[in-house]
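Below: the structure, in structure tokens.
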Amino acid sequence: MVSATYLLMIAVFIATLFIQFWLQRTYARYSREANSRGLTGAQVARAILDAHGLHHVRVEPVPGALTDHYDPMQKVVRLSEPNYASPSSAALAVAAHEVGHALQDAKGYAWLRIRAQLLPAANIGSTLGPWIFLAGLLFSATGLMSIGIWLFAAAALFQLVTLPVEFDASNRALAILKRMNFLDNREMNGARTVLTAAALTYVAALANSLATILHYVAIMQTAREE
């Protein structure tokens, strides 16, 4: 059982590497293709926010690549510097996606609220869970191992709830980009590909966590039998 779950973890890890490679390659490709209207990610983010009455939500650049995110506490859409200033199809897709989270926040999207409530437990679980499990393994304390598994499961639950949040934000983004005529049909295909690749990274993260949990459970069962 342990060897089977170990092989599963390797398979999921390889799949995750492939998805990350595809995302980087896809993002790089459409980052080189300027949109026909010559608009930057920052301009599109601002336009979408204003069109939905979210004038109070700021749009700011943040260092790094693919560091884009929405801060619900500060009410800020932060775009990585390349996407903030770039007129590429990829930049517009990412900017619209992050604005999608701002729209979720403004409309009280249930899954976004649930994810925010799970965040503290997820942070504790992802940080302490593996260490507590390891301590239980070292001291042959299956009770401690079980606690570690449950803590780590909280992180997996957070990742599960993240899926509808991310897919919904992408759907909102694509609908708005089309409705407001920011991208033509060809450019829309590129935006859809970029957001699909990004969404799959969240699926891969969840798969990694679930495979890890199964591996932990298999190890604990083996320890109980010894």
Side-chain angles (χ1 to χ4, degrees), residues 16 19-20 22-23 26-27 30 35 39 41-60 62 66-80 83-84 88-123 126 154-183 185 187-210:
T16 299
I19 291 171
Q20 289 288 350
W22 183 44
L23 172 61
T26 300
Y27 175 75
Y30 291 105
N35 64 80
L39 298 171
Q43 290 172 325
V44 165
R46 184 73 269 159
I48 297 174
L49 289 167
D50 290 345
H52 289 81
L54 301 181
H55 307 287
H56 62 287
V57 177
R58 304 191 307 278
V59 181
E60 299 176 350
V62 63
L66 293 177
T67 51
D68 314 80
H69 64 279
Y70 169 64
D71 185 339
M73 299 299 295
Q74 299 295 323
K75 308 300 181 189
V76 180
V77 171
R78 296 193 175 97
L79 302 177
S80 59
N83 288 332
Y84 185 90
S88 69
S89 298
L92 266 60
V94 174
H97 174 88
E98 298 307 332
V99 172
H101 288 309
L103 296 177
Q104 291 173 338
D105 187 23
K107 295 180 182 296
Y109 183 62
W111 287 113
L112 186 68
R113 294 201 306 269
I114 294 172
R115 187 177 72 165
Q117 293 169 355
L118 289 173
L119 181 59
N123 286 335
S126 61
L157 179 60
F158 176 83
Q159 292 170 329
L160 178 62
V161 172
T162 292
L163 294 185
V165 174
E166 295 300 328
F167 279 103
D168 178 79
S170 290
N171 289 336
R172 291 173 189 262
L174 292 171
I176 292 172
L177 289 172
K178 183 177 182 179
R179 184 172 67 248
M180 297 182 70
N181 296 313
F182 287 126
L183 299 174
N185 290 334
E187 294 163 347
M188 281 296 300
N189 289 332
R192 187 174 293 104
T193 302
V194 169
L195 293 181
T196 298
L200 286 178
T201 62
Y202 293 99
V203 175
L206 175 59
N208 266 301
S209 292
L210 293 178

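What's counted below: heavy atoms across the whole structure, side chains too, no hydrogens, waters or symmetry copies. Please read these numbers as outputs of a predicted model, since none were measured by experiment.
- Between T193 and W22 the shortest side-chain heavy-atom distance falls below 4.5 Å.
- Of the inter-residue distances, the one linking N35 atom CG with L177 atom CG reads 9.5 Å to the nearest 0.5 angstrom.
- Within 6.0 Å of NZ on K107 lie no more than 12 heavy atoms contributed by other residues, nucleotides or ligands.
- Taking 4.5 Å as the limit, some side-chain heavy atom of H101 sits within range of a side-chain heavy atom of V165.
- Side-chain contact between I176 and H52 is present, with at least one heavy-atom pair separated by less than 4.5 Å.
- In this structure, CE on M188 lies 10.0 Å from CG on N181, to the nearest 0.5 angstrom.
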Under 3.5 Å, side-chain donor or acceptor atoms of residues 109-117 against the rest of the protein: list the pairs with distances, not counting sequence neighbours.
from: Y109; atom 1: OH; to: P164; atom 2: O; distance (Å): 3.4
from: R113; atom 1: NH1; to: G108; atom 2: O; distance (Å): 2.2
from: R115; atom 1: NH1; to: E166; atom 2: OE2; distance (Å): 3.3

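- Pairing each heavy atom of L183 with each of A191, the nearest pair is CD1-CB, 3.8 Å.
- Contact detail for A154 and A121: the closest heavy-atom pair is CB-O, 3.9 Å.
- At least one side-chain heavy atom of Y84 sits under 4.5 Å from a side-chain heavy atom of V59.
- For the side chain to side chain contact (heavy atoms under 4.5 Å, CB included) criterion with R46, the lone passing option out of I48, L49, V44 is L49.
- Nearest heavy atoms, M180 versus A47: CE-O, 4.1 Å.
- The two residues G190 and Y30 come nearest to each other via the heavy atoms CA-CE2, 3.3 Å.
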Practice item. Might you work through the side chain to side chain contact (heavy atoms under 4.5 Å, CB included) test for D105 and K75, ending with a clear yes or no? Key: CA-CA 9 Å; D105 187 23; K75 308 300 181 189; 2.6 Å; yes
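- Among residues two or more places apart in sequence or in another chain, the side chain to side chain contact (heavy atoms under 4.5 Å, CB included) test is passed with A155 by S126.
- The shortest side-chain heavy-atom distance between Q74 and E60 does not fall under the 4.5 Å cut-off.
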With a cut-off of 3.5 Å and sequence neighbours excluded, list every side-chain donor-acceptor pair involving residues 201-209.
from: T201; atom 1: OG1; to: A198; atom 2: O; distance (Å): 2.4
from: N208; atom 1: ND2; to: T16; atom 2: OG1; distance (Å): 2.7
from: N208; atom 1: ND2; to: A204; atom 2: O; distance (Å): 3.2
from: S209; atom 1: OG; to: Q159; atom 2: OE1; distance (Å): 2.5
from: S209; atom 1: OG; to: Q159; atom 2: NE2; distance (Å): 3.4
from: S209; atom 1: OG; to: A205; atom 2: O; distance (Å): 3.3

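- Rounded to the nearest 0.5 angstrom, L200 CG and I19 CD1 are separated by 5.0 Å.
- Rounding to the nearest 0.5 Å places CD of E187 at 10.0 Å from OG of S88.
- K178 contributes no side-chain N or O that, together with a main-chain N or O of A175, makes up a donor-acceptor pair within less than 3.5 Å.
- Side-chain contact between N83 and Y27: present, with at least one pair of heavy atoms (C-beta onward) separated by less than 4.5 Å.
- How far CG of N171 is from NE2 of H97: 10.5 Å, rounded to the nearest 0.5 Å.
- Remark: the backbone N or O of L79 is not paired with any side-chain donor or acceptor of E98 at under 3.5 angstrom.
- Each of V77, D50, V76 was compared with V57 under the side chain to side chain contact (heavy atoms under 4.5 Å, CB included) criterion, and only V77 meets it.
- Across all their heavy atoms, A156 and L210 have their closest contact at CB-CD2, 4.5 Å.
- Shown here for L92 and G41, the closest heavy-atom pair between the two residues is CD1-N, 4.0 Å.
- D68 places a side-chain N or O within 3.5 Å of a backbone atom of S80 that can act as its donor or acceptor partner.
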